[in-house]
Amino acid sequence: MLKSKNTTLGEYIIENQSSFQYSSGELSKLINAIRLAAKVVNHEVNKAGLIDILGAAGDTNIQGEDQQKLDVLANEKFIQTLKNREIVCGIASEEEDDFISINSNDEQHRNKYVVLIDPLDGSSNIDVNVSVGTIFSIYRRITPEGTPVTLEDFLQPGRNQVAAGYIVYGTSTMLVYTTGDGVNGFTLNPAIGTFYLSHPNMEFPETGKIYSVNEGNYNHFPQGVKDYIKYCQKEEDDRPYTSRYIGSLVSDFHRNMIKGGIYMYPKSSKASNGKLRLLYECNPMAFLAEQANGKASDGHTAILDLQPTELHQRVPFFCGSIKMVEKAEEFMK
Ligand code: AHG
Ligand code: MN
Ligand code: MN
């Protein structure tokens with residue numbers, strides 16, 4: 001298996017294809033399509049600061065086309081790329097009310113994978129030049145190949161994920177993903193449009209010193225969460241911890257995985273299931289976390305063990321260094 005730092009993502013995908021059980025190359029092609037869409041969206045995100053010059057959402061550009069909000073644009077780019085390459089049978093997205101069924105009558109295009117995406121995560125950060133991301137999750141369909149996908153194909157427990165990952169459009173653009181064999185991070189060299197394996201075998205430190213939560217909601221949190229936050233702030237042992245909250249899950253997760261930390265989006269008296277979406281935010285991040293020696297739960301149960309009931313379902317989310325998530329869970333008992 002290629003793990004040297006001058007390995008490109010393209011080489012890595014080819015090299016690792018043979019290591020998947022029953023691999024027909026379909027998953028490799030799918031990851032390749034995501035790689036391509038990531039570069040396209042990266043290009044759009046990079047232009048965000050030029051919006052006053054190129055035209056804001058709602059304006060009409062010089063070609064007479066309506067300018068779109070970046071999350072809508074990212075959604076279109078991902079869906080288009082996946083559709084064009086004929087490698088999935090269904091897509092669900094934060095930006096689409098319902099899932100999209102891709103009919104392929106052609107025998108050769110009886111694809112077995114469905115993709116779930118949050119095309120632009122942390123979109124409120126776009127206007128202020130702060131990192132945003134894309135999150136994706138991949139499952140094998142449950143219903144028979146060659147028939148239209150159904151909701152059942154999307155409502156699978158996170159444990160069934162075949163692959164998951166994110167792209168962080170930050171000071172550098174990185175694609176980080178897992179196929180169930182650890183987590184690897186690839187950094188884009190923008191000059192030549194190539195991702196290089198910069199972060200092989202990423203792992204959460206067992207514990208850390210960062211807690212990430214929107215403390216503006218403090219008064220509305222359950223008592224256990226309030227107590228855990230007070231614990232993080234207490235002058236004792238290696239505490240107080242440092243508070244860091246970017247407001248884009250991808251970026252907060254990425255930092256915490258490298259430095260050690262916990263990310264929390266608890267339920268509150270204003271939002272009974274928190275804010276984050278189980279299928280295309282929490283499940284993929286939970287799969288990555290577990291693959292990176294971290295942990296993800298809703299406060300009590302492992303995220304990956306939850307049985308989804310709705311496409312856009314929300315769930316409380318605690319994720320990061322294993323010892324820290326366990327500690328938070330203790331407080332919530
Ligand atoms: P999105 O931009 O896809 O709607 O997701 C934003 C999410 C997540 O990325 C972030 O951590 C969280 O919402 C921030 O929410 P608050 O502003 O309520 O803290
Ligand atoms: Mn999001
Ligand atoms: Mn989003």
Side-chain angles (χ1 to χ4, degrees), residues 34 37-38 41-42 44-45 48 57 68-79 91-97 99-100 115-137 158 164-170 174 176 210-222 225 229 243-257 261-289 294 296 298 303 308 310-320 325 328:
I34 289 173
V41 171
N42 177 60
E44 298 298 335
V45 167
Q68 290 171 313
K69 284 179 75 174
L70 219 44
D71 35 16
V72 179
L73 194 71
N75 184 48
E76 273 181 14
K77 297 292 179 195
F78 269 93
I79 291 175
I91 305 170
S93 162
E94 182 187 358
E95 301 297 330
E96 307 280 335
D97 291 341
F99 63 85
I100 300 169
V115 175
L116 297 92
I117 51 169
D118 177 355
L120 205 69
D121 173 66
S123 40
S124 66
N125 282 326
I126 273 282
D127 294 343
V128 289
N129 205 357
V130 170
S131 299
V132 291
T134 295
I135 310 174
F136 62 91
S137 164
Y166 60 79
I167 298 115
V168 55
Y169 311 98
M174 281 188 72
V176 175
I210 297 172
Y211 72 104
S212 313
V213 64
N214 184 343
E215 271 179 271
N217 295 327
Y218 183 88
N219 287 337
H220 301 277
F221 287 151
V225 175
I229 292 174
S243 165
R244 289 281 182 276
Y245 189 73
I246 295 171
S248 49
L249 168 63
V250 168
S251 317
D252 280 308
F253 178 100
H254 186 72
R255 181 206 51 241
N256 289 354
M257 178 159 62
I262 182 171
Y263 174 96
M264 301 180 269
Y265 211 108
K267 65 176 176 187
S268 69
S269 53
K270 289 191 298 185
S272 59
N273 287 311
K275 174 184 183 188
L276 299 182
R277 315 292 186 143
L278 174 59
L279 293 187
Y280 41 80
E281 292 183 314
C282 302
N283 267 337
M285 291 319 221
F287 187 24
L288 287 161
D298 65 356
I303 290 289
E310 280 170 56
L311 211 50
H312 298 288
Q313 173 177 356
R314 298 176 199 269
V315 71
F317 193 53
F318 300 81
C319 177
V325 176

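Both counts, for ligands and for their atoms, begin at 1 and track the order of listing.
Near D118, meaning under 4.0 Å from one of its heavy atoms, ligand 1 places the atoms 3 (O). Taking a cut-off of under 4.0 Å to the non-hydrogen atoms of E281, the atoms of ligand 1 that pass are 3 (O), 5 (O). Proximity to Y263 (heavy-atom distance under 4.0 Å) selects the following atoms of ligand 1: 10 (C), 11 (O). Atoms of ligand 1 lying under 4.0 Å from any heavy atom of Y245, numbered from 1 in the order shown and given with element: 11 (O), 12 (C), 14 (C), 15 (O), 16 (P), 19 (O). In summary, the atoms of ligand 1 found under 4.0 Å from a heavy atom of G247, numbered by their order in the structure, are 9 (O), 10 (C), 11 (O), 14 (C). Listed by atom number, the atoms of ligand 1 under 4.0 Å from G122 heavy atoms are 1 (P), 2 (O), 3 (O), 5 (O), 6 (C), 9 (O). Ligand 1 places these atoms under 4.0 Å from at least one heavy atom of S248: 9 (O), 11 (O). Heavy-atom proximity to L249, at under 4.0 Å, picks out these atoms of ligand 1: 8 (C), 9 (O), 10 (C), 11 (O).
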inquiry  = Evaluate S212 against R255 for side-chain contact (heavy atoms from CB on, under 4.5 Å), listing each step before the verdict.
reply    = CA-CA 10 Å; S212 313; R255 181 206 51 241; 2.9 Å; yes

task = Let me see the working for S93 and N75 under side-chain hydrogen bond (donor to acceptor under 3.5 Å, both in side chains), right down to the final yes or no.
result = CA-CA 7 Å; S93 162; N75 184 48; 2.7 Å; yes

request  = Test side-chain contact (heavy atoms from CB on, under 4.5 Å) on M285 and V250 and set out the steps.
outcome  = CA-CA 8 Å; M285 291 319 221; V250 168; 3.9 Å; yes

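From the protein, the heavy atom lying nearest to atom 4 (O) of ligand 1 is E94 OE2, 3.3 Å. When hydrogens are left out, the protein atom nearest atom 18 (O) of ligand 1 is Y265 OH, 2.5 Å; that is the closest non-hydrogen contact. When only non-hydrogen protein atoms are considered, atom 13 (O) of ligand 1 lies nearest to K275 NZ, 2.9 Å.
Restricting D121 to its N/O/S atoms, the shortest distance to the Mn ion (ligand 2) is reached by OD1. For the Mn ion (ligand 3), the nearest N, O or S atom contributed by D118 is named OD1. In E281, the N, O or S atom that comes nearest to the Mn ion (ligand 2) is OE2.
Residue contact annotation: D252 has no non-hydrogen atom under 4.0 Å from ligand 1.
Taking only nitrogen or oxygen atoms, main chain and side chain alike, D121 reaches within less than 3.5 Å of ligand 1. In terms of polar-atom proximity, L276 is not counted as a contact of ligand 1, lacking any N or O under 3.5 Å from an N or O of the ligand. Ligand 1 has an N or O atom lying under 3.5 Å from an N or O atom of S123, backbone or side chain.
If you look at F253 and Y166, their ring centroids are closer than 6.0 Å.
When O of L120 and OE1 of E94 are joined through the Mn ion (ligand 3), the resulting angle is 160° to the nearest 10°.
Of the possible donor and acceptor atoms, none in the side chain of R314 sits under 3.5 Å from a partner among the backbone N and O of G274. Judged by distance alone, with hydrogens and angles left aside, the side-chain atoms of D71 form no donor-acceptor pair with the main-chain N or O of P119 at under 3.5 Å.
The side-chain contact (heavy atoms from CB on, under 4.5 Å) test with I135 singles out one residue from L249, I117, N283, L116, and that residue is L249.
For V250, no heavy-atom contact with ligand 1 is shorter than 4.0 Å. Residue contacts with ligand 1 for F253 are absent, since no atom lies close enough (heavy atoms, distance under 4.0 Å).
At a threshold of 2.8 Å, the Mn ion (ligand 3) has no backbone or side-chain N, O or S atom of D71 nearer than that distance.
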